[in-house]
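To start, the structure under review is shown below, and the notes come after it.
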Number of protein chains: 2
Amino acid sequence: MTEQASVSTQQIVEKVWLSIAERRLRPGVQLKEGHLAEIFDVSRARIRQALTALEREGLVTIIPNRGAYVCQPSVDEARDVFFVRRSVERCVVERICKSTSKADVSRLRSHVARERVANANDATTDIIKLSGGFHLLLAELSGSDFLFGMMRDLISRTSLITAVYRNTARFNCGPDEHDEIVEAISAGDGEKALRLMQHHLDHVEAELDLREVRDMSHDLKAALA
Amino acid sequence: MTEQASVSTQQIVEKVWLSIAERRLRPGVQLKEGHLAEIFDVSRARIRQALTALEREGLVTIIPNRGAYVCQPSVDEARDVFFVRRSVERCVVERICKSTSKADVSRLRSHVARERVANANDATTDIIKLSGGFHLLLAELSGSDFLFGMMRDLISRTSLITAVYRNTARFNCGPDEHDEIVEAISAGDGEKALRLMQHHLDHVEAELDLREVRDMSHDLKAALA
DNA sequence: GAAACCAATTTTGCCGACAATTTAGTTTAA
DNA sequence: TTAAACTAAATTGTCGGCAAAATTGGTTTC
C-alpha cells in the first residue's frame, strides 16, 4: 500500500481557482466547508485556510457565520478591475522598457511559445494558466515586488470576470498579441509596446458580454472532479 | 462578575499593527503564537488568523515551520512601495477630480480637522491612524474598490517603512499638506492637487533615513501592553 | 579549540470534537 | 391563507490536545 499524502492548501486553492475559471463553479454557489473537506479528503481546518486565501484573491466572499460563496462581480466591479489593470500594466511595461536584458526577452519568448503549444492542443487548463502567466511574468520582470503582487490579484479577478461575462467560446487572451508585445519590447520600442498592451486589454474587455448573469450550479462534486 | 468577552481577531491585528507603527515591536522580532495567545488570552487558532492577516498586509513574514517575524523591508522594497504609491495616488486624485461632490469635500475637511486636533494634543496613536486614514479616505472617494484595497496595503506597508527608516522624531504626514490638497480638490484644480500630492509624497520619502537597521526588542509583552 | 552530533525542549501544524449560530421545516394562531 | 413562532437539522466558529518539525544546549570527537 502506498502512503497517501494529503492535498496541500495551495493545491486546493488552485483546484477551486481553475474550477471557477473554467466555469464549472458558477458565481453565487456556496462553498460549504464540510463538503469540500469530504471532496478533498482533508480536515475542515485546511479548507478554511484555502477559503481565506481565495477570499484574498477576490474569488470568494466570506460572510461571517454564513459561509463562503463564489464572488458575483458586478458590471461596475468588472470595469473597475479593467481600469486599474490598464494603469498597472502601463506601469509594468514602462519599467520593463527602461531596462530589458536579453535573458528577460528570452524568458518571454519561451513563455509565448508554450502558449502557442497549449493553443494548438486546445488544452483549456493550460491556456488559462499560461495567458494569465504571461502578464504575471511581465510584472515579475518589472522588478517591483509590489506590482507583481498587485498583478497577481488583478489576474485572478480578471479570470473570474472573464468566466462570468465572456460570450465567445474561445479564450481571448491569445498568444499572437502577446507575441507582438514581446517583440516591441525586444526592439526597445516602448511606445509601441505600450500601445499594443492597451489594445490587447481593449480586446479582452471588448469580448465581454456585460449583462447581468444569474446562474447557479449545485453540482459541486462533479465540478471539482 | 462581568462576562469577559474575548478579543477579536481584528483587535489583535490592530494592536500589533500599532505596536509596529509606534516602533515598540522592532523588525525581525519573532511573534511566537504561544506568547501572543498568552498575552491576549485567546486560543492559538485566533492568533494564527491574526498572523495570516498581518502577513497579507505585508507587516509580518511567515516562514513555514519556522514562525512569524516582523518584516524587515529592505531599502529597495521601501523605494518600491513609494514608487507604486506615486502611481496609485496619482490615479486616485485624477479620479476624484473628475467628479467631486460637496459631501466628499466636507468629509475630507472634517477628517483634516480631526488630524489637527490629534496633532495639537500630541496623540501619537491617533496621528498615525488619521494620517494614513486621509489617504485611505481619498481612495474611498475615488469610487474604485480595487484602488481602495490597494491603498490599504500600501499604507500599512508605508507605516512599517516609516517606523523602520524615519530619523525625525515627528511624524511627517502632517495635516497642513493634506489641507492644501483638499482645498485644491475643492477648487477643482486637478493639476494643482496632483502636484501637491507628489510633493507630499516626496516630503514623506525624503525624511527617511535609508541606512540598514539591525535592532531587536525582546520585550514583547511590554511593547504590546 | 572548533565542528559535528545527539537528546531535550520548544514551537508550529494539524485534526477531531464541541459550542454557537443559522437555516429549513413544521406547527400554531390570527 | 398568511405570518409568526417554535423545533430540528445543518453549518460555521472555536478550542484543546497530539504529532511533526525546528531550536537549543550539552556532549563527544577530531
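Residue numbering restarts at 1 for every chain, and letters A, B, ... go by the order of the sequence lines. Scope of the values below: all heavy atoms of this structure, side chains included, with no hydrogens, waters or symmetry mates.
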Euclidean distance, atom [atom1] of residue [X] to atom [atom2] of [N] [Å, nearest integer]:
X        : N       : atom1 : atom2 : answer
Phe40(B) : dC15(D) : CZ    : C1'   : 19 Å
Asp41(A) : dC14(C) : CG    : P     : 15 Å
Glu38(A) : dT12(D) : CD    : P     : 13 Å
Leu36(B) : dC15(D) : CG    : P     : 15 Å
Glu33(A) : dG13(D) : CD    : C1'   : 8 Å
Arg46(B) : dT12(D) : CZ    : P     : 18 Å
Leu31(A) : dA10(D) : CG    : P     : 19 Å
Tyr69(B) : dT11(C) : OH    : P     : 11 Å

As a test of reading the structure: which of [options] is closest to the side chain of [X], going by heavy atoms?
X        : options                   : value
His35(B) : dT11(C), dA22(D), dG16(C) : dT11(C)
Asn65(B) : dG13(D), dT12(C), dC15(C) : dT12(C)
Lys32(A) : dT11(C), dT11(D), dG16(C) : dT11(D)
Gln49(A) : dT12(D), dC14(C), dT14(D) : dC14(C)
Ala45(B) : dG13(D), dC15(D), dG16(C) : dC15(D)

Notebook entry, point to check: Does a nitrogen or oxygen in the side chain of Gln30(A) sit under 4.0 Å from OP1 or OP2 of dT12(D)?
Noted result: yes

Next item on the list: Using a strict 4.0 Å threshold on nitrogen-to-oxygen distance, state whether Arg107(B) and Glu140(B) make a salt bridge.
Entry: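 Looking at Arg107(B) and Glu140(B), the cut-off is met.
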
Notebook entry, point to check: Are Glu33(A) and Arg48(A) close enough for a salt bridge, meaning some N to O gap below 4.0 Å?
Noted result: yes

Check: Does a side chain donor of either Ser131(B) or Glu115(B) reach within less than 3.5 Å of an acceptor in the other side chain?
Finding: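 Short answer, no.
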
Next item on the list: Indicate whether the side chain of Arg95(A) and that of Ser144(A) have a donor and an acceptor atom separated by less than 3.5 Å.
Entry: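 Their side chains do not contain a donor-acceptor pair, so the 3.5 Å distance test is not met.
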
Notebook entry, point to check: Is Arg48(A) touching bases, backbone alone, or none of the nucleic acid, heavy atoms closer than 4.0 Å?
Noted result: base

Item checked: Geometric class of the His200(B)/His178(B) ring pair [parallel <30°, tilted 30-60°, perpendicular >60°] ->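 Perpendicular, since the angle between the ring planes exceeds 60°.
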
Item checked: Any donor-acceptor N/O pair under 3.5 Å between dG13(D) base and Arg44(A) side chain -> yes

Check: Under 3.5 Å, is there an N or O donor on one side and an acceptor on the other linking the side chain of Arg66(A) and the base of dG13(D)?
Finding: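 Side chain to base: no pair below 3.5 Å.
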
Checklist line | First encountered from the 5' end of DNA chain C, between Pro64(A) and Thr9(A) | finding: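 It is Thr9(A) whose nearest nucleotide is closer to the 5' end.
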
